[in-house]
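Reviewing the structure listed below.
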Amino acid sequence: MKVLRTALALCVASSGLAVAQTASAQFFLQSRDFSGAAVTGEESDLGQALPGATSAEMRAALVWHMRAALNVAALQCQFEPTLLTVPNYNSILADHGEELKGSFDTLTKYFLRVNKAAGPKAGQTALDQFGTRTYSSFATVAAQYGFCQTAGSIGRDAVFTPRGHFSEVALARSRELRNSLIPWGEQRFPRYIGRDQTAPIVRLDAICWDKKGEWVVKKCGAQNWPPVGVGMAGR
């Protein structure tokens, strides 16, 4: 019985290790490190410019950008279920809904204020455009793997963040999130794109082959296939 309990314990431990390893490398053996320094919310390269915005309004915009990014991830990253982008996003809406609503209300007041001369409709239009452009800024194809992994990690941290502190997650990881929109691939064994490694292509011209399927040296010269260093078994 003691041996059985020990065996079961080892199985559970090894299973947990396997899960942890899978979760940390869904796409690559070693992913790109996108980490970056914490921000204040007033950086000009983290989102759309908000002329005349106060510090509180800038922070509200940063929070809303983070929410939008996690929303995009919930829609765009479902091809990898282990990232949990959908359930984590839903949990964030439930746990941090009040803080998110406060940020949206602050942004609404900002756009109404700066467009006051043009009327409420202009303010609402500007807010809608802000939302559309914010979502679009996180849509990616070439950098999808990096973005999805990063958003999945941020979403997990946000789920375990106490209510009322979602803005702290946004401040700590917005730079990392933006960095993840730059395409990168495998880091353990990087590929050297751009090197002159033109692969030889075997000639298939009918004139180069006889009726038995043998290469005709007299007509086409020495055969260039297989490449130098590749034996028969490697063809």
Side-chain angles (χ1 to χ4, degrees), residues 23-24 26-28 31-50 53 56-108 110-111 126-184:
S24 64
Q26 287 92 349
F27 311 120
F28 308 112
S31 299
R32 174 73 177 179
D33 181 7
F34 294 112
S35 59
V39 300
T40 64
E42 300 187 18
E43 290 78 2
S44 60
D45 60 341
L46 292 177
Q48 301 174 60
L50 298 178
E57 290 166 340
M58 294 290 286
R59 179 168 293 198
L62 188 71
V63 168
W64 201 249
H65 272 83
M66 180 61 75
R67 187 211 64 83
L70 297 180
N71 190 181
V72 171
L75 298 172
Q76 183 174 297
C77 306
Q78 295 183 43
F79 66 93
E80 180 46 84
T82 64
L83 291 172
L84 302 177
T85 53
V86 175
N88 283 347
Y89 178 69
N90 290 334
S91 296
I92 289 168
L93 293 182
D95 292 341
H96 302 289
E98 185 176 346
E99 184 178 359
L100 294 174
K101 181 181 183 302
S103 296
F104 183 75
D105 290 343
T106 298
L107 282 173
T108 301
Y110 162 78
F111 283 107
L127 176 63
D128 293 341
Q129 291 176 341
F130 171 84
T132 300
R133 291 167 181 167
T134 296
Y135 274 94
S136 298
S137 70
F138 292 108
T140 179
V141 175
Q144 188 177 40
Y145 285 166
F147 169 74
C148 286
Q149 275 194 316
T150 303
S153 173
I154 293 174
R156 179 198 60 211
D157 286 354
V159 167
F160 291 98
T161 296
R163 292 181 180 179
H165 295 271
F166 183 80
S167 62
E168 296 175 12
V169 176
L171 291 171
R173 306 195 66 179
S174 284
R175 177 65 63 194
E176 178 184 0
L177 185 65
R178 284 295 176 184
N179 289 344
S180 73
L181 295 173
I182 301 173
W184 289 92

Practice task
Kindly say whether Gln149 contributes a backbone atom to a donor-acceptor pair with the side chain of Ser153 at under 3.5 angstrom?
Solution key: no
Completion exercise
Nearest heavy-atom approach of Leu70 to Gly155 is CD2-N, 4.1 Å
Practice task
Answer yes or no: is there a side-chain heavy-atom contact under 4.5 Å between Leu84 and Tyr89?
Solution key: no
Completion exercise
In terms of heavy-atom contacts, Leu181 and Ala143 come closest through O-CB, 3.3 Å
Problem - Any side-chain heavy-atom pair of His96 and Thr161 under 4.5 Å - result: yes
Practice task
Salt-bridge test for Asp157 and Arg173: reply yes if a basic N is under 4.0 Å from a carboxylate O, no otherwise.
Solution key: yes
Exercise for the section: May I ask you to test the Ser136-Arg133 pair for a side-chain heavy-atom distance under 4.5 Å? Expected result: no
Practice task
Look only at the side chain of Ser31 and the backbone of Phe27, and say whether a donor-acceptor pair between them is shorter than 3.5 Å.
Solution key: no
Handout entry: Any side-chain heavy-atom pair of Leu177 and Met66 under 4.5 Å
Key = yes
Practice task
Evaluate the side-chain proximity of Phe130 to Thr134: yes if any heavy-atom separation is below 4.5 Å, no if none is.
Solution key: yes
Problem - Heavy-atom side-chain proximity of Gln76 to Phe147 below 4.5 angstrom - result: yes
Problem - With sequence neighbours excluded, residues passing ring-ring contact (aromatic ring centres under 6.0 Å, His included) with Phe138 - result: none
Handout entry: Heavy-atom closest pair, residues Arg59 and Thr40
Key = NH2-O, 4.4 Å
Practice task
Take atom CZ of Phe34 as the centre, draw a 6.0 Å sphere, and report whether it contains more than 12 heavy atoms from other residues, nucleotides or ligands.
Solution key: yes
Handout entry: Closest heavy-atom pair and its distance - Ala53, Glu57
Key = CA-OE1, 3.2 Å
Problem - Smallest separation among heavy atoms of Ala170 and Val63, with atom names - result: CB-CA, 4.2 Å
Completion exercise
For Phe104, the ring-ring contact (aromatic ring centres under 6.0 Å, His included) test, sequence neighbours excluded, returns Trp64
Problem - Check: Gln129 side chain, Leu127 main-chain N or O, donor-acceptor pair, under 3.5 Å - result: no
Problem - Pairwise side-chain contact, Asp105 with Lys101, heavy-atom cut-off 4.5 Å (strictly under) - result: yes
Handout entry: Heavy-atom closest pair, residues Tyr135 and Ala68
Key = CE2-O, 4.0 Å
Exercise for the section: Decide, yes or no, whether a salt bridge links Arg175 with Asp45 under the criterion of side-chain N to carboxylate O below 4.0 Å. Expected result: yes
Problem - Centroid-centroid distance, His165 to Phe160, less than 6.0 Å - result: no
